[in-house]
> 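Below is a structure I'd like to ask you about.
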Amino acid sequence: DCCTPIKKLCWWHGAGSTADFQKIIQERCDTYTQTIRPGSRSRNCQAIRQAFMSTFISKDPCKATKEDYNSLINLAPPTVPCGQQVFWSKTKELAHEYVKRQRLMTLEDTLLGYLADGLSWCGEPGSSDLNIWSCPDWRKDCRTNYLSVFWEVLSERFAESACSTVRVVLNGSLENAFDSMSIFGRVEAPNLRPQVELEAWLVHDTGKPPSDSCSGSSIRKLKSILDGRNVKFRCMDNLSRDQFLQRS
Ligand code: N1C
């Protein structure tokens, strides 16, 4: 057992909580609500920070449930205007560059996605502190850790709210551009509503040939998930990063 609560140290295999977690959440929330989206209905950042903390503080870091995050997510649901939604998998930086040039939004452009992006957090039973030493790793410790469950429920709600045409940016330099074990593959694609149309863009590194295409087996798998849900599908491939960003 890697987690002996001696001296409050719990040696999990993942990175510990981000230093100054609470302060970062509060500051990002203030920036988002005052500067980035001042038009969004006014939100109480202190209440959001407190709700975030109470989802995981003093709890077993391997026993996160979706329900733990309900009240936080209800304070700031990750919804975006119809037709502006962009999903990504293994293309985070590119997808963010793409939405910046268009009037489009990824999950990190919603309040909770913005607050949590790049941070790590977990607590421990019997303590009101964050564990700054280590947090459970998805593979080596437990899948039901607070970080993983957060991105899963937030992504699920984000996908459920999709309407009209939505896009996904996939990495055409991987052998399998669609990974059915990724959050996009196991959470977002299977939660799109019927009648939504998904446009997949397979983008490969500039100067290299693509490694996967719309007719490859990984994309056929994505298509079959969507067919089962009556989601329309279009796929564009053979675009280098430069071509993709220029046409957009
Ligand atoms: O597993 P992935 O990608 O397919 O997840 C990406 C997918 C996007 O469409 C987002 O809407 O799921 C959403 N999402 C995030 O927005 C996000 N921000 C940061 C999922 N995960 C997110 N993270 C962290 O990156 C999180 O720790 C998760 O495990 C990785 C997923 O990266 P990936 O495999 O490239």
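Heavy atoms only: backbone and side chains are in, while hydrogens, waters and symmetry mates are out. In listed order, ligands and their atoms are each counted from 1.
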> For atom 17 (C) of ligand 1, tell me which residue out of R186, K90, E152, E108 has the closest non-hydrogen atom.
E108
> Can you find a side-chain donor-acceptor pair between N70 and R157 that sits under 3.5 Å?
no
> Looking only at non-hydrogen atoms, which of F150, W151, F87, W88 approaches atom 25 (O) of ligand 1 most closely?
W88
> Check R234, R167, R229, K232 against E197 for a salt bridge (Lys or Arg N to Asp or Glu O under 4.0 Å) and give me the one that passes.
R234
> Please report whether atom 10 (C) of ligand 1 has a protein non-hydrogen atom at a separation of less than 4.0 Å.
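Yes, there is a protein heavy atom closer to it than 4.0 Å.
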> Backbone N or O of F184 within a donor-acceptor pair of the S89 side chain at under 3.5 Å?
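Side chain of S89 to backbone of F184, a donor-acceptor pair under 3.5 Å: no, none is there.
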> I'd like to know if the side chain of D109 pairs up with that of T106 as donor and acceptor (distance under 3.5 Å, no hydrogens or angles considered).
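Yes, side-chain donor-acceptor contact under 3.5 Å.
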> Hey, is D137 close enough to K140 for a salt bridge, meaning N to O under 4.0 Å?
no
> Regarding ligand 1, does F158 bring an N or O atom to under 3.5 Å of one of the ligand's N or O atoms?
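So ligand 1 has no N or O lying under 3.5 Å from an N or O of F158.
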> Taking both backbone and side-chain atoms of E188, is any N or O found less than 3.5 Å from an N or O belonging to ligand 1?
yes
> Heavy-atom contacts with S182 under 4.0 Å: which atoms of ligand 1 show up? List them by number with element.
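By the 4.0 Å cutoff, the relevant atoms are 1 (O), 2 (P), 4 (O).
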> Which residue holds the protein heavy atom closest to atom 29 (O) of ligand 1, what is that atom called, and what is the gap in Å?
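Answer for atom 29 (O) of ligand 1: I183 CD1, 4.2 Å.
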> Looking at atom 4 (O) of ligand 1, what's its closest protein heavy atom, distance included?
S89 OG, 2.7 Å
> Hey, do the aromatic rings of F150 and W121 have their centres closer than 6.0 Å?
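Yes, the ring centres sit under 6.0 Å apart.
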> So which heavy atom in the protein is nearest atom 14 (N) of ligand 1, and how far is it from that ligand atom?
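Scanning the protein heavy atoms, the shortest distance from atom 14 (N) of ligand 1 goes to S155 OG, 3.8 Å.
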> Closer than 4.0 angstrom, basic N to acidic O: yes or no for K59 and D68?
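Judged by the 4.0 Å cut-off on N to carboxylate O distance, K59 and D68 do form a salt bridge.
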